[in-house]
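Let me begin by presenting the structure, written as structure tokens, before commenting on it.
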Amino acid sequence: MLNRRKETGLLAAALMIFILGGCGTQEDPAQEEPKNLKIGVSVYDQYDTFMAEVLSQFQAYTREKEKDWGIPITLDIQDADQNQLQQNKQMDDFIEEGCDIVCINMVDRTDASSIIEKAKSNDIPVIFYNRELVKEDLERWEKLYYVGADAFQSGEMQGQILVEECRKDFSSIDKNGDGVLQYIMLEGEAGHNDSMIRSMAVIQEITESGYVVEKLADEIANWNRDQAANKMASFIEDYGDRIEVVLANNDDMALGAVDALKDSGIMPGTEQWPMILGIDGTDVGKKAVEKGEFLGTVLNDARGQARGMIELAWSIVSGRPLESDLELQEGKYIRLPYRKVTSENLSEIQAGQTQ
Ligand code: BGC
């Protein structure tokens, strides 16, 4: 591997060709074929259900790719424990260890300066994932990339699932028969792109489809099942039967709502059970669709994102072209599509994910 901090003039020249060649997405005959690959990975919180799925898929893909590419791949996976300073320090460790590339799931997506500066001065490309940086930050250096999904699409699809159900049987959703959908919104995290955009897009989709909504309450529960259950318990006390729909920015919070409803004696399948919708399609989320606890969820493609990260990492480091089905938008972004998940297509989705 190239020691990026001690480049000779010749290697620097080769690197220039690599940059001009489009940051590893175009084949570059001048680039030396790597004999191994070392990737530093930091996750904002290893206990986040969705992130845990992304990382386990990433590890699985890495093992597969070692065989395909015939090289050893070393992963150093670190938990930032929701602490940005700790994550900045992890970046120092990755540099120290000689990582060829790093994948960072920012703790605070608005505070990427330190990581970007360190990456730039040590010439180590960064693939940010899941927690999308503002565009201006991503444009600060040509070797910064993002792998994730389009937040708007997930909110829109969540809205579509509810709208499709309303079209089938509005009266069983509008329990009090006032023609208005009374809803609770459980939001992920202040300042998180996915939270802000999903919350806005879902309501836009429902109202633009001609339904009238009334927000009973809207609270942040930090993507977390227990926090959502606590909030939901107090909403049940305040609004009881008036709750017709629960829109959660992710499956874990939707499951928190399920927990609180069951604790208060309201059971799935009964008339009092509201329509509950999540996002992610995690294993536990899909189970909730199967049990009829959720009306639906939206698959956030952990598997596809993990694949996108490893393929992009290899393309950047080796100079080989990116797999043709992965589109690198604006030379920087890979966004995997979301998919609606309801009881109607659950088995098809599950079969697709085990292929
Ligand atoms: C997922 C959440 C997750 C969050 C972490 C979102 O895209 O939907 O489940 O907690 O990312 O950043």
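Ligands are counted one by one from 1 in listed order, and the atoms in each one are counted from 1 as well. Positions are given from 1, in the same order as the sequence printed here. Note that the structure is a prediction, hence the values are computed from the model and not measured.
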Worksheet item: Will you find, in the side chains of Thr282 and Glu53, an N or O donor that is under 3.5 Å from an N or O acceptor?
Response: no

Worksheet item: Cation over ring, Arg335 on Tyr333, under 6.0 Å and within 45°?
Response: yes

Item to complete: Using the six-membered ring wherever Trp is involved, compare the ring planes of Trp223 and His192 and label them parallel, tilted or perpendicular (cut-offs 30° and 60°).
Response: perpendicular

Worksheet item: For the residue pair Lys120 and Arg140, what are the closest heavy atoms and their distance?
Response: NZ-O, 3.5 Å

Report all N/O contacts between ligand 1 and the protein shorter than 3.5 Å as a table of atom names and distances to 0.1 Å; if there are none, say 'none'.
{"from": "ligand 1", "atom 1": "7 (O)", "to": "Asn130", "atom 2": "ND2", "distance (Å)": "3.1"}
{"from": "ligand 1", "atom 1": "7 (O)", "to": "Asp194", "atom 2": "OD2", "distance (Å)": "2.6"}
{"from": "ligand 1", "atom 1": "7 (O)", "to": "Arg198", "atom 2": "NH2", "distance (Å)": "3.3"}
{"from": "ligand 1", "atom 1": "7 (O)", "to": "Asn300", "atom 2": "ND2", "distance (Å)": "3.4"}
{"from": "ligand 1", "atom 1": "8 (O)", "to": "Arg198", "atom 2": "NH1", "distance (Å)": "2.8"}
{"from": "ligand 1", "atom 1": "8 (O)", "to": "Arg198", "atom 2": "NH2", "distance (Å)": "3.3"}
{"from": "ligand 1", "atom 1": "8 (O)", "to": "Asp280", "atom 2": "OD1", "distance (Å)": "2.6"}
{"from": "ligand 1", "atom 1": "8 (O)", "to": "Asp280", "atom 2": "OD2", "distance (Å)": "3.3"}
{"from": "ligand 1", "atom 1": "9 (O)", "to": "Asn250", "atom 2": "ND2", "distance (Å)": "2.9"}
{"from": "ligand 1", "atom 1": "9 (O)", "to": "Asp280", "atom 2": "OD2", "distance (Å)": "2.5"}
{"from": "ligand 1", "atom 1": "10 (O)", "to": "Asp48", "atom 2": "OD1", "distance (Å)": "3.3"}
{"from": "ligand 1", "atom 1": "10 (O)", "to": "Asp48", "atom 2": "OD2", "distance (Å)": "2.4"}
{"from": "ligand 1", "atom 1": "11 (O)", "to": "Asn130", "atom 2": "ND2", "distance (Å)": "2.9"}
{"from": "ligand 1", "atom 1": "12 (O)", "to": "Asn130", "atom 2": "OD1", "distance (Å)": "2.6"}
{"from": "ligand 1", "atom 1": "12 (O)", "to": "Arg131", "atom 2": "NH1", "distance (Å)": "2.8"}
{"from": "ligand 1", "atom 1": "12 (O)", "to": "His192", "atom 2": "NE2", "distance (Å)": "2.9"}

Practice prompt. Would you check if the side chain of Asp174 reaches a backbone N or O of Phe170 as a donor-acceptor pair within less than 3.5 Å?
Written response: no

Item to complete: List for me each residue that meets salt bridge (Lys or Arg N to Asp or Glu O under 4.0 Å) alongside Asp241, sequence neighbours excluded, and say none if there are none.
Response: none

